[in-house]
Amino acid sequence: MTKRYWLMKSEPSAYSIDDLKRDKSTLWEGVRNYQARNFMMKEMKVGDQALFYHSNADPPAAVGVAEVSGLAEPDPTQFDASDCHYDPKVAPSNPTWYCVRVKFKEKFAREVPLPEMRAREDLQSMVLLQKGSRLSIQPVTGKEFKIICDLGSRAAAIGRPKSR
DNA sequence: GCCAACGTTGGC
DNA sequence: GCCAACGTTGGC
């Protein structure tokens with residue numbers, strides 16, 4: 001099966017790329033949107049690559065790469081009354097919410113801020129940039145993934161022109 | 001803090 | 001099944 005590419009949002013105040021770096025891997029808990037859940041449940045495979053995106057940050061930015069390291073399993077927080085993602089409607093015998101495990105791959109040498117992505121002609125079709133889009137887990141193409149990784153590497157910093 | 005856009009809930 | 005009201009997301 002071909003490797004696929006994703007973008008996963010997290011508010012850095014809740015869980016940042018540095019948290020993932022520290023933890024090495026984590027369950028992507030707390031997703032409470034069916035479309036995002038379905039990507040995790042039905043489409044994400046071990047080895048898939050994901051851009052780690054900081055939402056509600058200043059500026060919002062792609063900050064690194066994670067890799068799917070475990071197929072979807074029931075999200076434990078849906079059963080935990082002390083957790084802010086607790087879902088009292090869910091019976092333990094029949095989980096509603098699932099999450100994959102992801103592991104840390106890299107933190108970009110520099111963040112790739114949202115306005116920079118917006119400004120690029122070759123990223124216009126990204127789900128992230130569509131008006132009103134707020135999916136917290138979304139597919140990206142291999143091409144988009146590579147462009148953003150390149151922008152995040154130091155060599156590509158500030159989009160210096162090739163010729164002068 | 002504001003607010004546009006989206007998703008969910010619940011009355012009918 | 002419609003749709004108004006409400007809650008949430010997330011950029012600005």
Side-chain angles (χ1 to χ4, degrees), chain A residues 4-21 23 26-44 48-66 68 72-102 104-141 143-145 147-152 156-159:
Chain A
R4 295 188 59 179
Y5 299 90
W6 306 93
L7 180 146
M8 302 174 88
K9 295 182 187 173
S10 182
E11 302 195 13
S13 58
Y15 198 86
S16 72
I17 187 77
D18 291 319
D19 293 323
L20 182 60
K21 186 175 185 181
D23 296 344
T26 191
L27 276 180
W28 203 259
E29 300 168 333
V31 171
R32 294 294 181 269
N33 170 281
Y34 286 101
Q35 216 179 333
R37 181 206 67 172
N38 289 344
F39 283 135
M40 289 199 285
M41 266 180 95
K42 302 179 178 175
E43 308 209 29
M44 292 175 91
D48 283 3
Q49 306 287 113
L51 295 165
F52 197 114
Y53 178 85
H54 281 171
S55 62
N56 259 315
D58 188 19
V63 294
V65 176
V68 177
E73 58 184 278
D75 180 340
T77 65
Q78 70 197 304
F79 307 124
D80 179 357
S82 70
D83 192 280
C84 65
H85 299 292
Y86 176 56
D87 187 342
K89 298 187 297 299
V90 178
S93 56
N94 187 23
T96 299
W97 305 110
Y98 283 73
C99 53
V100 293
R101 178 169 288 280
V102 299
F104 177 79
K105 277 284 279 223
E106 77 165 300
K107 179 180 175 178
F108 289 154
R110 69 172 191 106
E111 300 189 350
V112 182
L114 180 61
E116 184 173 337
M117 293 190 257
R118 261 196 213 296
R120 288 188 65 98
E121 204 63 49
D122 51 7
L123 293 179
Q124 290 308 302
S125 56
M126 282 186 77
V127 177
L128 183 71
L129 304 184
Q130 305 315 303
K131 184 177 162 71
S133 163
R134 26 174 249 204
L135 249 190
S136 65
I137 296 181
Q138 47 182 264
V140 302
T141 66
K143 198 176 292 182
E144 291 159 351
F145 183 86
I147 291 168
I148 289 166
C149 288
D150 287 347
L151 290 172
I158 326 295

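As the structure is a prediction and not an experimental result, all values here were calculated from the model. Chain A is the first sequence line, chain B the second, and so forth, proteins listed ahead of strands; every chain is numbered from 1. Worth knowing before you read on, the calculation uses all heavy atoms, side chains too, and leaves out hydrogens, waters and symmetry mates.
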To the nearest Å, give me how far apart [atom1] ([X]) and [atom2] ([N]) are.
X        : N      : atom1 : atom2 : result
A/Gln35  : C/dT8  : CD    : P     : 19 Å
A/Glu11  : C/dC12 : CD    : C1'   : 15 Å
A/Leu128 : C/dG10 : CG    : P     : 10 Å
A/Gln130 : B/dC6  : CD    : P     : 11 Å
A/Gln138 : B/dG7  : CD    : P     : 13 Å
A/Arg32  : C/dT8  : CZ    : C1'   : 14 Å
A/Asp87  : B/dG7  : CG    : C1'   : 15 Å
A/Lys131 : B/dC3  : NZ    : C1'   : 12 Å

- For residues A/Trp97 and A/Tyr34, establish whether the separation of their ring centroids is below 6.0 Å.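 Centroid distance A/Trp97-A/Tyr34: below 6.0 Å, so yes.
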- Task: Determine whether any donor atom in the side chain of A/Arg134 lies under 3.5 Å from an acceptor atom in the base of C/dT8, or the reverse, and answer yes or no.
- Result: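 Yes, a donor-acceptor pair under 3.5 Å.
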Can you tell me if the side-chain N/O atoms of [X] get under 4.0 Å from OP1 or OP2 in [N]?
X        : N      : value
A/Arg118 : C/dC12 : yes
A/Tyr53  : C/dG11 : yes
A/Lys9   : C/dT9  : no

- Query: Quick one: on DNA chain B, does A/Asn56 or A/Asn33 contact a more 5' nucleotide (nearest heavy atom)?
  - Reply: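 By nearest-heavy-atom nucleotide position, the 5'-most residue is A/Asn56.
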- Task: Please determine which of A/Trp6, A/Phe39, A/Phe52 meets the ring-ring contact (aromatic ring centres under 6.0 Å, His included) test together with A/Trp28.
- Result: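 With A/Trp28 as partner, A/Trp6, A/Phe39, A/Phe52 yield a single ring-ring contact (aromatic ring centres under 6.0 Å, His included), made by A/Phe52.
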- To the nearest 0.5 Å, tell me how far A/Ile17 CD1 sits from A/Leu51 CG.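 It comes to 10.0 Å.
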- Task: Considering only NZ, NE, NH1 and NH2 on the basic side and carboxylate oxygens on the acidic side, decide whether A/Arg32 and A/Asp75 come within less than 4.0 Å.
- Result: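 Result for this pair is yes, salt bridge flagged.
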